[in-house]
Amino acid sequence: MTDVKLNAGAIDRMLRTTDSSEAVPPEEAVCQILSIKKIATSQPGAGDRYRVILSDGIHFAQAMLATQQKVLVESGQIDRNSVVRVTQYVANSVQQRRILILLGLEPLGAPLGERLGDPANWETAAANGGAGAAGGAANGGGSNGSTAGPAAANKAGGAAPSRTNSGNGGTKPLSRGPSMANGAPVYPIEGLSPYQNKWTIKARVTLKSDIKHWSNQRGEGKLFSVNLLDESGEIKATGFNDAVDRFYPLLQENKVYYISKARVNIAKKQFSNLNNEYEIAFENNTEIEECLDAADVPEVKYAFVQIDQLDGVEPNQTCDVIGIIDEIGDVAEIISKASQKPITKRELTLVDQSGMSVRLTLWGRTAEQFDQNLDKPVIAFKGVKVGDFGGRSLSMFSSSSMMVNPDIPEAHGLRGWYDSEGNQAAGNFKTFAGAGLGGLGAGGGAGGAAGSNKNERRTIAQAKEQGLGMSGDKPDYFNIRATVVYIKQEGLSYPACPSANCNKKVVMEDENSWRCEKCDTTYPAPQYRYILAANVADHTDGIWLSGFNEIGELLIGQTASELEAVKTESESNFVAALHRATNRSYMFNIRAKQDTFNDTTRVRYTVTKATPVDWSAAANELADDIKALM
DNA sequence: CCCCCCCC
């Protein structure tokens, strides 16, 4: 082990680097990693990062591993006591401390059994004026003469990146295009921070948003944003108002640009699904120029999660997923609960080699313009939201992107797998549905392959035994096939506001005057709406179901207003109408959720959809069950 | 300086 030599003094020189001319070349930057610590980030989808302690035998200092380098740790190529060559780095001042960001590392053999030398903490040594003289202080401008070293370096207002020209593998140097007029060095995205402003990045636009207009108490305006990528990382950049006019036409997806003189802000992580602490805002003096020599800037980077691993991703995180589109749903329109506005959606079913399927929802224009004639395409999705509906589900954000049949190895692998074997299971992959019902046993798992990944079939007895709907605030969804036994007569309907989407109860002022408080309007007549309570039974048990207007109309066969008229005319005709609705069988889609009323907590079973039983399908189902038993 | 991302 004695043949390994660290470059004594390299840590001090690297931390004091403020200009590329001072950069420590890789051949003089052999250091040892004393420890590696995983830092969990709260940022959705960001994944973990690693903080390392780096030593040159004399000093040790903290350093962050660039995101792109974390594979070195995760693959075991570097570990505690590994000796590495630093092929590219940036020295940053962050919150009064000097921090190294390691953009390129080259492992030199297996980890040693021990640490080399007796390194001292660079921060302490530098603060005491004891750090070596190599490289010199960043500047002499410190007003407090007693704090040299890192404190002085902080006052430099930011360090420039190194641009080493290592030919030793690892990260390639970032080369500067000849056409860029201003003198700032090309910076890796990973090295950007709010503490420095003289930089140029050379980055590919991987996603460009539409122009969005907003209006709120603070004012109104328009904006757009792009996702930018280089070999070190990704960052989101946003242009407001004038910047929209200047840059929206210029910036094109997949092209590469030099960007400088923009502001770096702290990213609001809750709104970002990119792996970066910061984001960029284009300003009045921002310069953007297309770069035509861009072969060294990578295309979109994916970190795919296999479908069967999605249950390891927390709901509301984002991730990248690739799969064969096994089913393409039709465009449908729903009313958003939040905005009350209609919105279009389309559902895709993705499958992969894990043998599992997951549903993914497209929204708006993406849903409408999706080419439904595609024949089992491979699609790569970036930055899609993971939800827990039906166990696990996926949903596009406006910041998500999808690429149909991308030319990447994962896509070719999927194509080969699907065409040779996957297609035989088409429409019949395993789903997460069992897990979505609390993992409560029978009927989940293998049964989930039977088709519906939305709602699992249960008998009434199973639904009760399994405690569906009893898990607290989160509802469970399931289906039962059952027969109507009795419909409760009292409170079957209420007089509702006739205006569209109001449904609020109206108060009778007189025979021809019904007042809606919500709409602040009086109407000549109400529109009655059902609030159904129906007792249904299957061969295992009985249960009370709630259902609203549409369900009532289906079960009873007339509108609530019509039935109200019947009731006014003849109580016995009313009872007869309800009696006619019994002894009919339906497939009920049910949402089960706990409900507290008058201090009593019970499970409320609400019918979200009812469909008359398709007896031929039911017979086939039975035949399959019998076959499975034999 | 936006920041909503929707439904079962």
If only side-chain N and O atoms of [X] are considered, is one of them under 4.0 Å from the OP1 or OP2 phosphate oxygen of [N]?
| X | N | answer |
| --- | --- | --- |
| A:Lys268 | B:dC1 | yes |
| A:Lys212 | B:dC3 | yes |
| A:Arg218 | B:dC2 | yes |
| A:Lys385 | B:dC6 | yes |
| A:Lys337 | B:dC8 | yes |

With a 4.0 Å cut-off, would you call A:Arg346 and A:Asp330 a salt bridge?
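No, no charged N to carboxylate O under 4.0 Å.
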Can A:Phe397 be said to stack with the base of B:dC5, given centres closer than 5.5 angstrom and planes under 30 degrees apart?
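No, A:Phe397 does not stack on the base of B:dC5.
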I'd like to check, for A:Phe389, whether its ring lies over the base of B:dC8 with centroids under 5.5 Å apart and a plane angle smaller than 30°.
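Stacking between A:Phe389 and B:dC8: present.
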[X] near the nucleic acid: base, sugar-phosphate alone, or nothing, with a heavy-atom cut-off under 4.0 Å?
| X | value |
| --- | --- |
| A:Glu283 | nothing |
| A:Ser399 | nothing |
| A:Ser225 | nothing |

Name all residues meeting the side chain to side chain contact (heavy atoms under 4.5 Å, CB included) criterion together with A:Asp375; count only those two or more places apart in sequence or in a different chain, and write none if there are none.
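With sequence neighbours excluded, A:Asp375 shows a side chain to side chain contact (heavy atoms under 4.5 Å, CB included) to no residue whatsoever.
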Within this structure, what is the [atom1]-to-[atom2] distance between [X] and [N], rounded to whole angstrom?
| X | N | atom1 | atom2 | answer |
| --- | --- | --- | --- | --- |
| A:Asn479 | B:dC8 | CG | C1' | 11 Å |
| A:Lys341 | B:dC6 | NZ | P | 16 Å |
| A:Glu347 | B:dC5 | CD | P | 18 Å |
| A:Tyr248 | B:dC2 | OH | P | 19 Å |
| A:Asn316 | B:dC5 | CG | C1' | 11 Å |
| A:His213 | B:dC4 | NE2 | C1' | 16 Å |
| A:Asp476 | B:dC8 | CG | C1' | 13 Å |
| A:Ile335 | B:dC7 | CD1 | P | 11 Å |

State which of [options] makes the closest approach to the side chain of [X].
| X | options | answer |
| --- | --- | --- |
| A:Phe240 | B:dC7, B:dC8, B:dC1 | B:dC1 |
| A:Arg591 | B:dC3, B:dC7, B:dC8 | B:dC8 |
| A:Arg359 | B:dC1, B:dC8, B:dC6 | B:dC8 |
| A:Ser398 | B:dC4, B:dC6, B:dC3 | B:dC4 |

Could you report the tightest heavy-atom contact between A:Gly427 and A:Glu327, atom names first, then the distance?
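Looks like CA-OE2, 3.6 Å.
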Please, which pairs that meet side-chain hydrogen bond (donor to acceptor under 3.5 Å, both in side chains) have at least one residue in residues 218-229 of chain A, sequence neighbours excluded?
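Every side-chain hydrogen bond (donor to acceptor under 3.5 Å, both in side chains) pair that includes a residue of residues 218-229 of chain A, provided the two are not neighbours, is A:Lys222-A:Asp245.
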Proximity of A:Phe389 and A:Tyr477 rings by center, below 6.0 Å:
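They qualify: ring centres under 6.0 Å apart.
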Will you find, in the side chains of A:Ser398 and A:Trp363, an N or O donor that is under 3.5 Å from an N or O acceptor?
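Distance-only check fails for A:Ser398 and A:Trp363.
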